[in-house]
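What follows is a set of notes on a single structure, which appears directly below.
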Amino acid sequence: MARQNISSGAPWEPVVGYSRAVRVGATVHVAGTTATGPDGSIVGIGDAYLQAVQALKNIERALAQAGASLADVVRTRMYVTDIADWERVGRAHGEVFGTSGPPARSWR
């Protein structure tokens, strides 16, 4: 079965040995994703909403490179370092995935 590795272009991917996403057949797995901008800097420092939006944009870009879209996502896991930020992170998730066919989601 063909395998497609998708890179974000981050310089640390080859150093630590991972891909942003991997597609095998019709299945795409996306690695844990942070709020890293195109230049490698963190977007939205101190703002959980902006960080969540950026991380989801990064996921959307990787999915597109794999021939998929956010509509194909069946599950997400959102990790927050401060549970008080749950509503801001959740709002970003809701805006990206909408209400028609959102994925199953869990928090950590």
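Counting begins at 1 with the first residue of the sequence.
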Inset, instruction - Kindly indicate, with the supporting measurements, whether the criterion side-chain contact (heavy atoms from CB on, under 4.5 Å) is fulfilled by Val89 and Tyr49. - result: CA-CA 5 Å; Val89 173; Tyr49 171 81; over 6 Å; no
Inset, instruction - Please lay out, stage by stage, how Val53 and Val96 fare under the test side-chain contact (heavy atoms from CB on, under 4.5 Å). - result: CA-CA 8 Å; Val53 167; Val96 168; 5.5 Å; no
Legend entry - Glu87 and Arg91 ion-paired at < 4.0 Å: no
Legend entry - Trp107 CH2: over 12 foreign heavy atoms closer than 6.0 Å: yes
Legend entry - Shortest non-hydrogen separation from Ser106 to Arg75 and the atoms involved: OG-NH2, 3.5 Å
Legend entry - ILVMFWY cluster, Val30 and Val73 together (side-chain gap under 4.5 Å): yes
Inset, instruction - State, yes or no, whether a side-chain contact exists between Val74 and Pro103 at a heavy-atom distance under 4.5 Å. - result: no
Inset, instruction - Look only at the side chain of Asp47 and the backbone of Leu50, and say whether a donor-acceptor pair between them is shorter than 3.5 Å. - result: yes
Legend entry - Donor-acceptor contact below 3.5 Å, side chain Gln54 vs main chain Ile42: no
Inset, instruction - Using side-chain hydrogen bond (donor to acceptor under 3.5 Å, both in side chains) as the criterion, list what pairs up with Glu60, not counting sequence neighbours. - result: none
Inset, instruction - Could you pull out the closest heavy-atom pair between His29 and Thr27, with the gap in Å? - result: NE2-CG2, 3.4 Å
Taking distance alone, no hydrogens or angles, what donor-acceptor pairs closer than 3.5 Å link side-chain atoms of residues 12-24 to residues at least two apart or in another chain?
{"unit_1": "Trp12", "atom_1": "NE1", "unit_2": "Tyr18", "atom_2": "OH", "d": "2.9"}
{"unit_1": "Glu13", "atom_1": "OE1", "unit_2": "Ser7", "atom_2": "OG", "d": "2.7"}
{"unit_1": "Glu13", "atom_1": "OE1", "unit_2": "Ser8", "atom_2": "N", "d": "3.4"}
{"unit_1": "Glu13", "atom_1": "OE2", "unit_2": "Ser8", "atom_2": "N", "d": "3.0"}
{"unit_1": "Glu13", "atom_1": "OE2", "unit_2": "Ser8", "atom_2": "OG", "d": "2.4"}
{"unit_1": "Ser19", "atom_1": "OG", "unit_2": "Asn5", "atom_2": "ND2", "d": "3.3"}
{"unit_1": "Arg20", "atom_1": "NH1", "unit_2": "Gly32", "atom_2": "O", "d": "2.9"}
{"unit_1": "Arg20", "atom_1": "NH1", "unit_2": "Thr33", "atom_2": "OG1", "d": "3.1"}
{"unit_1": "Arg23", "atom_1": "NE", "unit_2": "Gly25", "atom_2": "O", "d": "2.8"}
{"unit_1": "Arg23", "atom_1": "NH1", "unit_2": "Ala66", "atom_2": "O", "d": "2.4"}

Inset, instruction - Report yes or no: do Val43 and Leu56 belong to one cluster of Ile/Leu/Val/Met/Phe/Trp/Tyr joined by side chain heavy-atom distances under 4.5 Å? - result: no
Inset, instruction - Applying side-chain hydrogen bond (donor to acceptor under 3.5 Å, both in side chains), name anything that partners Arg61, two or more places apart in sequence or on another chain. - result: Asn58
Inset, instruction - Determine whether Phe97 and Leu63 fall in the same hydrophobic cluster, where Ile, Leu, Val, Met, Phe, Trp and Tyr are linked whenever their side-chain heavy atoms lie under 4.5 Å apart. - result: yes
Inset, instruction - With the side chain counted from C-beta on, respond yes when His93 and Met78 share a heavy-atom pair under 4.5 Å apart, and no when they do not. - result: yes
